[in-house]
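Notes for the one structure printed next.
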Protein chains: 2
Amino acid sequence: MKPTVHDIAKIAGVSLATVDRVLNGRPGVRSVTRGKVEEAIASLGYVRDLAAANLAKSRTYSFVFILPANDNSFMIGLTEEVRGAVARSSFERTDIRIVDVPPFDPDALVAALEAVLAEKPAGVAFVAIDAPEVRAAAERLRQAGIPMVTLVSDLPDSSRDHYAGIDNIAAGRTAGSLMGRFLNGPSLGERGATVAVLAGSMLVRDHRERLEGFSTVIAQAYPNVRILPVLEGRDDPVLAETMIAEALRRNADIAGIYSLGAGNRGLIRALQAAHGPSRPLVIAHELTASTRAALADGTIDAVLNQDAGHEVRSAIRVLKAKADGLPVLAAQERIRIDIFLKDNLP
Amino acid sequence: MKPTVHDIAKIAGVSLATVDRVLNGRPGVRSVTRGKVEEAIASLGYVRDLAAANLAKSRTYSFVFILPANDNSFMIGLTEEVRGAVARSSFERTDIRIVDVPPFDPDALVAALEAVLAEKPAGVAFVAIDAPEVRAAAERLRQAGIPMVTLVSDLPDSSRDHYAGIDNIAAGRTAGSLMGRFLNGPSLGERGATVAVLAGSMLVRDHRERLEGFSTVIAQAYPNVRILPVLEGRDDPVLAETMIAEALRRNADIAGIYSLGAGNRGLIRALQAAHGPSRPLVIAHELTASTRAALADGTIDAVLNQDAGHEVRSAIRVLKAKADGLPVLAAQERIRIDIFLKDNLP
DNA sequence: CAAATTTTGATTTACGTACCTCAGAATTTC
DNA sequence: GAAATTCTGAGGTACGTAAATCAAAATTTG
């Protein structure tokens with residue numbers, strides 16, 4: 001049988017109340033007695049029954065998710081997944097509140113974090129913006145002992161406890177590697193190939209990192225592939241469409257396009273409107289209804305994806321663990337980069 | 001506040017005992033009364049608190065994992081993951097027993113399943129062998145009401161409740177697609193290319209399905225790629241090494257190798273020993289220490305992987321849900337095909 | 001209509017932990 | 001050595017559900 005507090009009391013020769021004081025760090029126990037109790041705990045290999053403890057405390061984990069009110073498919077999907085978690089909250093002893101903030105706005109994010117600080121929830125998850133003021137706000141939350149998880153976009157070297165998202169440098173490297181292989185880089189010869197990159201904004205860390213990984217691999221492994229200056233489409237379908245259309249018109253020799261941001265609808269429209277001699281090889285991010293269709297019909301060749309559902313569930317698991325002071329299963333919480341070709345669409 | 005059994009009793013105007021009888025399907029309730037109680041349950045939106053119920057029942061989920069005593073890295077890793085789950089069992093209210101059976105032996109598997117039947121655990125997970133007698137044994141378990149999950153290898157059209165593993169046809173298709181792209185299939189011209197396939201055994205369903213997917217894509221999308229007759233290496237490093245070495249000697253023009261089984265150590269040794277003009281493109285399955293090293297040093301170009309840890313954890317979650325009659329989150333339980341290039345190794 | 005049977009209510013204990021109170025013991029302080 | 005302080009023990013209640021007992025009420029049966 002699993003040892004209980006009663007067993008500890010018996011072995012240590014103290015009362016239940018004393019065991020309780022030791023276990024929950026309450027005052028009023030001499031260090032000699034505390035030692036005896038701790039010894040008994042160790043010798044029995046006692047582990048507190050979390051379910052029973054939570055029942056006794058009638059505890060619910062109150063979490064806040066701060067999400068940018070973006071209108072691209074990925075963010076909408078992410079919000080949807082958080083809503084799903086809200087719907088399951090009664091089963092999971094969670095009480096999740098969603099806070100919307102304007103996108104790409106560090107001040108708004110800081111304000112939201114400050115509001116959270118006052119509320120003192122059991123944990124916070126937020127899509128980070130890489131700015132010093134955000135880092136400072138995070139530090140204040142840490143001082144207050146509120147567990148924090150960054151979601152999708154990280155805030156490295158900050159006081160956050162965990163990052164629930166993909167390694168964007170690795171994602172960019174993977175895209176570069178696929179691009180080089182698919183273009184048959186090693187045997188391109190003197191002629192080489194030209195590749196365009198469409199990003200949302202170079203101010204966003206994810207995008208910067210993806211570009212960095214992509215450029216590194218291309219430079220190292222496929223030196224005869226040229227990368228055109230980055231097009232910043234602000235994740236706006238209309239802008240992206242005109243930019244890509246224009247780029248294709250100017251450079252008839254574009255052999256590949258890497259779309260590392262969101263808002264691929266414009267890209268797809270531009271590609272389907274273009275009637276070049278041979279369509280370029282396209283690698284994009286995030287599996288949405290439009291990229292899925294484009295993948296199926298051959299407009300896009302590969303899609304790198306992060307599973308928003310996994311990210312949200314992982315964030316919740318990690319926040320719970322942090323709130324309870326438990327370790328996290330690193331292998332379980334690693335968010336993987338999915339690579340989808342038309343042949344392994346789920 | 002979340003409604004409790006007390007609230008139901010109050011609303012329905014009956015006693016707690018009657019509510020309990022209805023909730024747990026115990027006899028001794030007139031259908032009129034039962035109706036009133038059920039109405040109250042529905043109107044309150046009551047959901048039983050599983051943690052409290054399990055505490056009251058002092059319930060532990062007893063599961064049995066039947067695993068083939070294979071000595072390849074993947075199966076060893078899988079067993080290791082189940083051991084990890086055993087180690088966590090006290091936290092997770094599980095009591096997991098591991099049963100080893102000789103590999104590729106339907107009779108042994110059936111015997112193990114029969115033994116399980118006598119023991120009546122709360123659930124069983126097993127690596128299936130696709131044989132009628134196994135299917136029959138599974139049906140007997142279903143009759144006995146024991147939830148069943150197939151692990152890694154499925155038993156389609158059987159009485160199993162769930163399959164915790166990858167879609168092997170999709171995996172084969174993905175491998176075929178990558179092979180075709182990496183060989184630059186579309187522009188190979190008249191000359192074409194030759195590809196060798198190394199499998200463990202065509203008697204194993206996973207391997208058959210992977211080959212099927214691979215062949216289909218090659219035939220459809222890359223008709224100028226020729227697939228040599230399948231080499232069956234029985235997942236044995238020594239046999240695989242000699243077979244690949246021989247194949248490379250006979251066919252100097254082998255441009256690609258698809259290794260769809262386990263036991264890649266032999267393949268890697270043969271590749272590193274060969275000194276052809278240009279090394280073939282290699283796609284293999286399962287990320288192990290040896291395939292990881294080969295990927296890093298360029299001996300292997302891509303590895304398709306299934307995460308054993310995810311499979312085991314998913315199997316446990318599903319067995320728990322089935323034991324409690326709860327629905328499973330399909331999106332969470334889908335086991336994905338990881339594609340690893342040297343650039344996205346975790 | 002009485003007896004037998006079924007249905008229901010009231011109450012209790014239990015699961016393992018948290019948290020509270022109060023009294024008594026041990027220790028320290030003066 | 002008495003008073004003040006600090007520890008400790010004993011006991012209870014609570015969380016939400018399960019499961020049991022026993023008596024009372026309602027219903028069916030003969």
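Just so it is clear: chains get the letters A, B, ... in the order the sequence lines come, proteins before strands, and each one is counted from 1.
Looking at A/Arg160 and A/Asp154, a side-chain N of the basic residue comes within less than 4.0 Å of a carboxylate O on the acidic one, giving a salt bridge.
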Distances for protein N/O vs nucleotides 24-27 of chain D N/O pairs under 3.5 angstrom?
residue, atom, partner, partner atom, Å
D/dT27, OP1, B/Arg30, NH1, 3.3

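Remark on DNA chain D: of its neighbouring residues B/Asp49 and A/Ser31, the 5'-side contact belongs to A/Ser31, judged by nearest-heavy-atom nucleotide.
The salt bridge (charged side-chain N to carboxylate O under 4.0 Å, His left out) check on B/Glu80 picks up B/Arg83, with sequence neighbours excluded. Partners of B/Glu92 under the side-chain contact (heavy atoms from CB on, under 4.5 Å) rule, at least two apart in sequence or in another chain, are B/Arg88, B/Thr94, B/Lys320. Listed by chain and residue number, A/Arg59 satisfy the salt bridge (charged side-chain N to carboxylate O under 4.0 Å, His left out) test with A/Asp324 (two or more places apart in sequence, or in another chain). Remark: B/Arg140 pairs with B/Glu114 by the salt bridge (charged side-chain N to carboxylate O under 4.0 Å, His left out) rule, at least two apart or across chains. B/Leu16 pairs by the side-chain contact (heavy atoms from CB on, under 4.5 Å) definition with B/His6, B/Ala9, not counting sequence neighbours. Scanning for side-chain hydrogen bond (donor to acceptor under 3.5 Å, both in side chains) contacts around A/Asp130 gives A/Arg135, A/Arg205, with sequence neighbours left out. Checked against side-chain hydrogen bond (donor to acceptor under 3.5 Å, both in side chains), A/Ser159 has the following partners two or more places apart in sequence or in another chain: A/Glu139.
A heavy-atom distance below 4.0 Å to DNA chain C is reached by these residues of residues 14-26 of chain B, ordered by number: B/Val14, B/Ser15, B/Ala17, B/Thr18, B/Arg21. Near DNA chain D, defined here as any heavy-atom distance below 4.0 Å, there are no residues from residues 88-97 of chain B. Listed by residue number, A/Thr4, A/Val5, A/His6 are the residues of residues 2-11 of chain A with a heavy-atom contact under 4.0 Å to DNA chain C.
Considering only the side chain of A/Lys57, C/dA18 comes nearest among C/dT17, D/dT17, C/dA18.
Counting only residues at least two apart or on different chains, the side-chain hydrogen bond (donor to acceptor under 3.5 Å, both in side chains) pairs with a member in residues 39-48 of chain B are B/Asn24-B/Arg48.
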